[in-house]
Every structure is written in C-alpha cells, then in structure tokens.
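Below is one structure, written out as structure tokens; comments come after it.
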2 protein chains.
Amino acid sequence: MDIGTAPQPWLSDAPWAALEAKFSRYLALSDAERDCLASWQAPARVMPRRRDLVREGNDVACVYLLCRGIVSRYRVLPDGRRQILGFGLPGDVIGFPSCSLARAAASVCCITESEVAAIPLEQFASTLTRFPRIAAALFWIAARETALAQERLVTLGRRGAEERVAYFFLELCALLHKGRPRDGERIAFPLTQEIIADTLGLSTPHANRTLRRLRDQRLLALDGQEAILLDARGLIALASFDPAHFAAMPIPGL
Amino acid sequence: MDIGTAPQPWLSDAPWAALEAKFSRYLALSDAERDCLASWQAPARVMPRRRDLVREGNDVACVYLLCRGIVSRYRVLPDGRRQILGFGLPGDVIGFPSCSLARAAASVCCITESEVAAIPLEQFASTLTRFPRIAAALFWIAARETALAQERLVTLGRRGAEERVAYFFLELCALLHKGRPRDGERIAFPLTQEIIADTLGLSTPHANRTLRRLRDQRLLALDGQEAILLDARGLIALASFDPAHFAAMPIPGL
DNA sequence: GCAACGCATTGATCTGAAGCAATGTTCCCG
DNA sequence: CGGGAACATTGCTTCAGATCAATGCGTTGC
C-alpha cells in the first residue's frame, strides 16, 4: 500500500519544464511554437508567501506564467467574506483579465513562495494570433477550467460539508497526480484549514470538525503537510465524485 | 421610468445574426472568417421545451450553435439534487466536452423551444486551427465564461439567500441587456422558481420566500414572465454586485 | 527561555435554510 | 365545463452550519 512520497510539484526547480510539459500533454510543439513559449519565461520574479500577485479591480497589463510555487485565486466581499476560486500550479498562466477584459476580476495570492514570469498582455495576445495551435490548445484548456469551476458550483450549491471536504481532496488528488485516486494515495499540499474552509464555503471551525469526522471514519488521514486517502472508494462514494471527469484529454483536431 | 418592453432575445428569428453579432462585438470578421462561421449554421434542428440536448456522461461528437431559444447547463447528483451551472442564449456555442475532452460533463436542457445547429467536433476543431483570430476570440470568450462561473462560486459559497437572488437578477440583467442595471429595468426570462432555486443552490420553498421578501422590500417586482428591478441601487448594495465585471470587452490584440 | 503569533481544536448557542406536507392558482386539454 | 398537470405559496419542524469565545500548541523571534 505504500506508494512512496507524494510529489511536491510546486518545488520544481525546472519551471520551463512545467510549461512545456503542460502543452506537450496536449500537442506536439513545433520549433517555432516552442521558441515562442520559451520567450514567455524571460525574467522570473520571486514572490514571498502571502503576497498578492494580482489585486481584484486593478488594471491588467500582463499575465503571469507561474514557474514555481502555488497560488490561489480569490474574491472578497466588502464585509470580508472570502471565497477561494481555485489554485494555480507551476506551468499555469495566471491573472487573465476577466469578464470585463481590462480589469482583474479576482485577486491572486501566493500560498507558498513563488516564482513568476510576467508576460505583457500584448505579447500573450499576439502569440494567440500567430500560433493558432497554441490558441486552440489554450481555448481547450480554458474550457476545461470552466468545467472545473462548474463542478465546484455543484459542490458549493448542493453538497453538504462532508461531501465537500471529500470532494476537495479527491479533486486535488486527481489534479496533482493526474489519475484516478487510489487507496493510500498521499497528497502533499501546503494547506491551512482556513484555506480549505474558504475554498469550500465553510467556516473554519466547521471545516475542522468535518475533517475530524472524516478522520474518525478512517476515510482520510491528516499528517501535517500531507493528507492520505485511506479509503478512496469510500470518499468517492461519499462525494459522488466521478473520476472520469478528470481523465486525460487529447485535444480534438491537433 | 418606463423603459419599454424588455428584449426577448430567445425569440430571435435571425439566428445567424446572433452568432455574427456575438463575434462582431469582439473583432471585425474577414470574409473567409465570416464564411467559415456561416458554414456552422447549416441544418438547424428544433428541440421542444424540456428536452435534453446533451446528457452528462455521453460521448461528444458535435457541439451546438444555439440559434433560437434558451437552454440551461446542469448537473445532477446520484440522489437527484440538481445544480444549474448556467444558461445559453442564441449565438452561444453549447455542449463542449469538458475536463475529459471526450465526454460531456453536464447535461443541457431546453428551457424554451429551441433551434440548434449541430457542428461536428472535427469541423469546430479545425476552424480553430485554420482561423487563429477565431480561436483567440473563443479563448477569450471561454476565459470570460470561467470568470462568470467563478463569480457564481462566490455567490454559492459566501452569499446568503437574499443576496443570491438579488445577484441572480442583476447578473441576468447585465448579461441580457449588456449594461449596468438601472431602476425600472425589465427582465423577460421564462424562469420557474424551481430554476432559480436550482441555480442558486436553494430549495424551492426557500427561493419563494426570499423572492417574497425582496418584493416586500420593494427591491424587485415579479409579474409573470417578467421581473422588474425596482431599486437597482438597493439590489446592487444588497448583493455586493460589481457592474464593472460586466462591462464591454474589447479583445486584446485583435 | 520567554513572548508572541499563527494555526488547530473544542464547546455552547443561535439561526438560516432544508425537509415535509398541504393548499392555492393557472392554464391546458379532453 | 371538468379534471389534471405544473407551478406558486405557506406553515411547521428540524438540523446543519455559523457565530462567538476560549484554549492549546508549535514555531519564530527577541
């Protein structure tokens, strides 16, 4: 049952590999395309933990390639209520302007120390029109992102606290390890319970109690920076989690 | 205060106009691009109210251009709990395969009688690689879709029932009328209270009570198929709604 | 070694929303 | 015109989860 140490992708010291790997999963890159992507990662900047990379409402002049670290996208309501919208991993492009394409719709905060390369918005945009296959790939990646967000809508709208927490770890596992969650799988992710709570729309005390309940049911073990899926089957049933949603994706037509 | 009859876009009898308008809002189309989009709308099929256009879990062979009508994307949990993920209006392309790019992650149901043109997935995909500007536009549209879904995450995760309902109508107004909601604005949309409840993660009785409370506070008037924003300012404050999120979007670099 | 901070944990109380059940209202259809 | 179906409305009870408040505890910094 021992499947070894969990991968800690945010510690990657080969940031360029993350981006290339991300695209290579979807399409074979030509030399020109490769060069273009390579030009994105020019001058990487180091951001400390807890520092905001983007503030909601600000003008967007560039997007960011996350080279190392983990970030969270979040929104806060005027009275302080916070909702985390998702996480960014190395290789992800962060900080798109959103509905209104000039301003950031959400803030981005570094959960761990991170390294980011700023890509001027025009450069990013021109890549899209010069390299149609990259644009297509990014389109499908964006569609996937939408599907993920929508699946989380189900979680927040219709699942109870235990289901939410179970779903949370299963999704994390599927995204990090890129496969169907198995018994004993280890998830290393530098999360505080507050982050879990704000992701799942729960209060911190309630998230804590719920975690305890899952531990008492021997579904999940928590060990410092690591969570272990003791009973993947049980969690999947509890959360109505569909592993097929996270299967690998060949991009149509590429 | 009378701003006339609300537009009822789903009744459009010029479906092609919807798609062209959608793209023209973002970029000036070349002739070749125009021809390509035109080829999408070949044989339109009529779907009755309540009929499912796509079933979650099914293989995806084509995407659909919605020419007339309104549809909803939704997911159901095994025990029947339902969550509506969003709505589709004429001009929208519906039914992408999602995370796993082979299968539908959600179902799509016709809220009104609708007319759809099926676009084979390969044709859609090849359009992306042949017309980079269209791919880029679709990328930004997808990014916008993600932002919308994420804003709804805030609603479901952190807003109370009254805030949710207020937000719902404001968003609807902004999307349909494409502008900042004003006092007296009329929203015509063929909604049942069950649809509202399933969109907002509420039970039908509770949605009903909440609607009544908003009516009692003279924030909203409900008249059959029409809702009227009596006090837009009040609703905006109640929902912590940011109209700037819905401002018009020029696409960078096109 | 002590103080302070960030985070986890736990308890007691309160409340918003769900669940259940019944009744009312339209509108459609035979 | 009568019977249903679909939808809206309302009351009552229950419960999940929020809120408030305190305590524990490991790490960091002085």
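Chain letters run A, B, ... following the sequence lines, proteins first and then strands; every chain starts at 1.
When each of Pro205(A) and Ala161(A) is assigned the nucleotide of DNA chain D with its nearest heavy atom, Ala161(A) is the one assigned upstream, toward the 5' end.
Regarding Leu156(A), its CG atom lies at a distance of 12 Å from the P atom of dG17(D), rounded to whole Å. Between Asp216(A) atom CG and dT9(C) atom P the separation is 11 Å, expressed in whole Å. The separation between Asp198(B) atom CG and dA8(D) atom P is 12 Å, rounded to whole Å. The distance from atom CD of Glu163(B) to atom C1' of dG16(C) is 12 Å, rounded to the nearest whole Å. Rounded to whole Å, the distance from CZ on Arg215(B) to C1' on dA8(D) is 11 Å. Arg158(B) has its CZ atom 7 Å from the P atom of dA18(D), to the nearest Å. Atom-to-atom, CD of Glu194(A) to C1' of dA8(C) comes out at 12 Å; the value is rounded to the nearest Å. Between Asp223(B) atom CG and dC7(D) atom P the separation is 18 Å, expressed in whole Å.
Using a cutoff of 4.0 Å between basic side-chain nitrogens and carboxylate oxygens, Arg158(A) and Asp198(B) are scored as salt-bridged. A salt bridge links Arg152(B) to Glu171(B): one of the charged nitrogens lies within less than 4.0 Å of a carboxylate oxygen.
Residue Arg50(B) places at least one side-chain N or O closer than 4.0 Å to OP1 or OP2 of dC7(D). Residue Arg213(B) places no side-chain N or O under 4.0 Å from the OP1 or OP2 atom of dA17(C). Here Arg209(B) does not reach the OP1 or OP2 of dA17(C): none of its side-chain N or O atoms lies under 4.0 Å away. A close approach under 4.0 Å does not occur between any side-chain nitrogen or oxygen of Arg212(B) and OP1 or OP2 of dT9(D).
Side-chain proximity of Ser203(A) to dA18(D), dT9(D), dC7(D): nearest is dA18(D). Distance from the side chain of Thr192(A) is smallest for dC7(C) among the nucleotides dT9(C), dC7(C), dA21(C). If you check dT10(D), dA17(C), dA18(D) against the side chain of Asn208(B), the one that comes closest is dT10(D). Nearest nucleotide to the side chain of Gln193(B), out of dA8(D), dA8(C), dC20(D): dA8(D). Taking the side chain of Leu202(A) as heavy atoms from C-beta on, and the options dA18(D), dC7(D), dA17(C), the nearest nucleotide is dA18(D).
Looking at heavy-atom distances under 4.0 Å, Arg49(B) makes contact with sugar-phosphate atoms alone, never a base.
In this pair, Phe241(A) and Phe246(A) present their aromatic rings parallel. The plane angle is below 30°, not in the 30 to 60° band.
For Arg213(B), the CZ atom sits in a packed shell: over 12 heavy atoms of surrounding residues, nucleotides or ligands are nearer than 6.0 Å.
At least one test fails for Arg73(B) against the ring of Phe87(B): distance under 6.0 Å to the centre or angle within 45° of the axis.
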